[in-house]
2 protein chains.
Amino acid sequence: MDRRQEILEGAAKSFSLFGYKATTMDQVAKIANVGKGTIYTFFANKEELFNAIVLKMINEMRAEADAVSVEGAPFEQNAHARLMQMLKFRGTHQLYAKLIDEEKELRTPAVGEVLQAIEKEIIFYVKEKIEKGIAKGEVLPCDTELVAYILFKAYLALVSDWGKTHDEELSEERIVALLNGTIFKSLLV
Amino acid sequence: MDRRQEILEGAAKSFSLFGYKATTMDQVAKIANVGKGTIYTFFANKEELFNAIVLKMINEMRAEADAVSVEGAPFEQNAHARLMQMLKFRGTHQLYAKLIDEEKELRTPAVGEVLQAIEKEIIFYVKEKIEKGIAKGEVLPCDTELVAYILFKAYLALVSDWGKTHDEELSEERIVALLNGTIFKSLLV
DNA sequence: TGGTTGACCAATTCACTCAGTCGGTCAATT
DNA sequence: AATTGACCGACTGAGTGAATTGGTCAACCA
């Protein structure tokens, strides 16, 4: 009934199924059972509609990352669980996966911008958690921006890049062993 | 005078200037002052000629990386100097830079394969140095393959990726501070 | 009358074509 | 035996017009 909601749902479905470029406004209108003009009373253009969808997805992802952390568990355990969850989301979530594929294949500018924004968001999220860890005395004071950045890049490399150049994916145990023995080891108080 | 050498030099010049795709065999022949057919008596096809050029470049890079290391200096200092040198080479060397650009813009398959081979070579080089460090008792035993991989990915992220999403490049001091405080700190005996 | 709509428009994209280019060959030449 | 460049078939990419798309707006309700 809520037009705006219908539009968001239709658009999310279409973007997830066909990606940004291959989704037409006519298609969104049809899926949402709405006249095309109606869409433009709620969203200035295709890109803003897209951004709204992605924003919802970012919130989902953050919620899932929060959900896997355990109150009272040591920092490195929660940090690992959160990062792994977000990377799993990255490869699993229909829309996110589709966008990564579209970026690789089509280079749609709007998609590239959005993917970059999502990464920035993830890094900011990690930075927040590190700062909270420092505040709680679990983590040594450090260059939080850079540590968040390198942590994300490291996980991305281990979880996502490794498989592209090797026959089999890295096991989570091997990842944990590496990071607990290196980065996390030097971060903890 | 040496035909093979002339061809290699002409090809190197052309690949460096125009990239792989935009280099024609006629052009290489002309630059090398050689009939086109002659090229095919030394190299099976364009791609093999290309691979020969890249192989020479890899050796140059390794030599430059070796050159910056200091006999007797601590492991993390030499490791840092070597990795920085190779990444500088990566962004500075005419052919290497051109290939990275071509991979981004054109997605030429032969170029992608070669770039991947170069990275594999770099990682292998880093792995060798870590193993030597372990043998000398400077470095704690560890998953050398993975440590080499993550070290390279970390440096690549800090030196090359950071600038793409931030206004200014990271200073070398900040990089050193981060890595000495994290990865290197836990690697050293 | 304020919200909704789809025919309509300009701009972009797509499929198609065909002339020109390129990697690779090989008979002729040195 | 080594070298060459004219030649070939496959591929490319510029040029084209037709079809599609994002966005608008006058008409149309409720």
Novice: Given that A:Ala22 and B:Asp26 both sit by DNA chain D, which one's nearest nucleotide is further toward the 5' end?
Specialist: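 Counting from the 5' end, the first nearest nucleotide belongs to B:Asp26.
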
Novice: Can you measure A:Met25 atom CE to D:dT24 atom P for me and round it to whole angstrom units?
Specialist: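 My rounded result for the distance is 10 Å.
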
Novice: Taking atom types as modelled and ignoring hydrogens, do the side chains of A:Asp66 and A:Tyr125 form a donor-acceptor contact shorter than 3.5 angstrom?
Specialist: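 Looking only at side-chain atoms, A:Tyr125 and A:Asp66 do form a donor-acceptor pair, the distance falling under 3.5 Å.
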
Novice: When you measure from the centre of the six-membered ring of B:Tyr20, is the NZ or CZ of B:Lys46 closer than 6.0 Å and no more than 45° off the axis?
Specialist: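 Yes, B:Lys46 sits over the ring of B:Tyr20.
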
Novice: With a 4.0 Å heavy-atom cut-off, tell me which residues in residues 34-50 of chain A come close to DNA chain C, sorted by residue number.
Specialist: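 A:Val34, A:Gly35, A:Lys36, A:Gly37, A:Thr38 - these, ordered by number, are the residues of the stretch whose heavy atoms sit under 4.0 Å from the strand.
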
Novice: Pairing donors with acceptors under 3.5 angstrom, does anything connect the side chains of A:Ser186 and B:Ser186?
Specialist: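 A:Ser186 vs B:Ser186: donor-acceptor pair found between side chains.
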
Novice: What is the distance, rounded to the nearest whole Å, between atom CD1 of A:Ile7 and atom P of C:dG3?
Specialist: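 After rounding, the reported distance stands at 13 Å.
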
Novice: Take the protein atom OH of A:Tyr20 and the nucleotide atom P of D:dT21, then report the distance between them rounded to whole Å.
Specialist: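 Spelled out: OH on A:Tyr20 to P on D:dT21 is 14 Å.
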
Novice: Please list, chain by chain and in numerical order, all residues satisfying ring pair (Phe, Tyr, Trp, His ring centres under 6.0 Å) with A:Phe152, sequence neighbours excluded.
Specialist: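 Expected list: none.
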
Novice: Once the angle between the rings of A:His80 and A:Tyr155 is folded into 0 to 90°, is it parallel (under 30°), tilted (30 to 60°) or perpendicular (over 60°)?
Specialist: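 Taking A:Tyr155 first and then A:His80, their aromatic rings sit tilted (interplane angle of 30° to 60°).
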
Novice: Measure the distance from CZ on A:Arg4 to P on C:dT4 and round it to the nearest whole Å.
Specialist: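 My rounded result for the distance is 13 Å.
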
Novice: Starting from C1' on C:dC22, measure out to CZ on B:Phe18 and report it in whole angstrom.
Specialist: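 Those two atoms, CZ and C1', are 16 Å apart.
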
Novice: Starting at CD of A:Gln27 and ending at C1' of D:dG23, how long is that distance when rounded to a whole Å?
Specialist: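 Rounded to whole Å, this separation is 17 Å.
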
Novice: Any luck finding a side-chain donor-acceptor pair between A:Arg82 and A:Ser69 under 3.5 Å?
Specialist: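 The criterion, which ignores hydrogens and geometry beyond distance, is satisfied for A:Ser69 and A:Arg82.
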
Novice: Using a heavy-atom cut-off of 4.0 Å across all strands, would you classify A:Lys21 as base, sugar-phosphate, or nothing?
Specialist: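 Touches sugar-phosphate only.
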
Novice: Has A:Arg3 got a side-chain N or O lying under 4.0 Å from the OP1 or OP2 atom of C:dG3?
Specialist: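 No.
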
Novice: Rounded to the nearest Å, what distance is computed from the CD atom of residue A:Glu6 to the P atom of nucleotide C:dG3?
Specialist: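 Rounded to the whole Å, the gap is 17 Å.
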
